[in-house]
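Okay, structure first, notes after.
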Amino acid sequence: VQSYNTLISILGKGGHIDRCRELDREMQRMEIMPNLCTFNSLLMMHVHDGKIQEAMGVLQRLKDAGLEPNVVTYTGLIKMYSRASKYNEAIEMFLEMQRVRCKPDLTTYSLMISVFGKARSLEDAALVFRQMQEAGYKPNVITWSALIQVCERNGKFPEMGAYFNEMQASGCQPDVTLYNILMGAYGRQGLSVQAAILFRKMQAQGVTPNAVSYDTMIQAFCHSKQPADAQGVHDQMVKAGYVPD
RNA sequence: CACCGAGCUAU
């Protein structure tokens, strides 16, 4: 079963749907009982593919097999609605899991902060953040990143920095993605100089820029009408072995 | 310390 789960999980993320269906049928033929992880992997495959009906079908099979959806299942369903911009359904799913006594964990909370942010309700995002801390979870860099991006989406620029400081004070180190979020925020405001300072700082801190980082900086310089600087970042990107798209 | 889920990726 575990071998099948691993394969389905990897193939599913790669978008090889038919190959996964094949494995699914093969398991049935060989009378290998799928477990919760199998169904969760199949569910995520449809979530990545944006197929809500198919995902619901997997949920039904899971229940028919006498299994109970767990926190991973619910988080996947929330993600599915979030990706489809169906925020009310995502929130409903978050409430339902708690109704059936399935405890959200750090991953669920991080996702919900992002969902509330996209639903333009910073208040609720802050509320879940607090609920999370009351439940005894310590935010990690992903949680902080989600919260900080929610601030930007809602135009709360000063609080972005405030949360960033709070994060560092709590001993949590920024990673590439968080730097990308901050550089993007400066770039979109036309503050390419600030973005460039961060770009240098991240490297000084030993955080290696990824393709998104370079892209974000090119975007920032283009936004500020600095084609020469954008070109410079482009060259650095190529030197670092990335293929600009 | 390896079966599944969360944050950045242009207008």
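These figures come from a predicted structure and were not determined experimentally.
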With a 6.0 Å cut-off (strictly less than), is the heavy-atom count around CZ of Phe221(A), excluding the residue itself, greater than 12? yes
Without decimals, in angstroms, what is the distance between Leu67(A) CG and rC3(B) P? 18 Å
In this structure, how many angstroms lie between the P atom of rC3(B) and the CD atom of Gln2(A), rounded? 6 Å
Under 30°, 30 to 60°, or over 60°: which ring-plane class applies to Phe116(A) and Phe94(A), parallel, tilted or perpendicular? perpendicular
Walk along nucleotides 5-11 of chain B from 5' to 3' and tag each nucleotide B, S or - by protein heavy-atom contact under 4.0 Å, base first, then sugar-phosphate. BBBBBS-
Test side-chain hydrogen bond (donor to acceptor under 3.5 Å, both in side chains) applied to Thr143(A) and Asn140(A), step by step: CA-CA 5 Å; Thr143(A) 319; Asn140(A) 63 14; 2.8 Å; yes
Qualifying residues under salt bridge (charged side-chain N to carboxylate O under 4.0 Å, His left out), relative to Glu159(A), sequence neighbours excluded: none
Who pairs with Met30(A) by side-chain contact (heavy atoms from CB on, under 4.5 Å), at least two apart in sequence or on another chain? Tyr4(A), Glu26(A), Ile32(A)
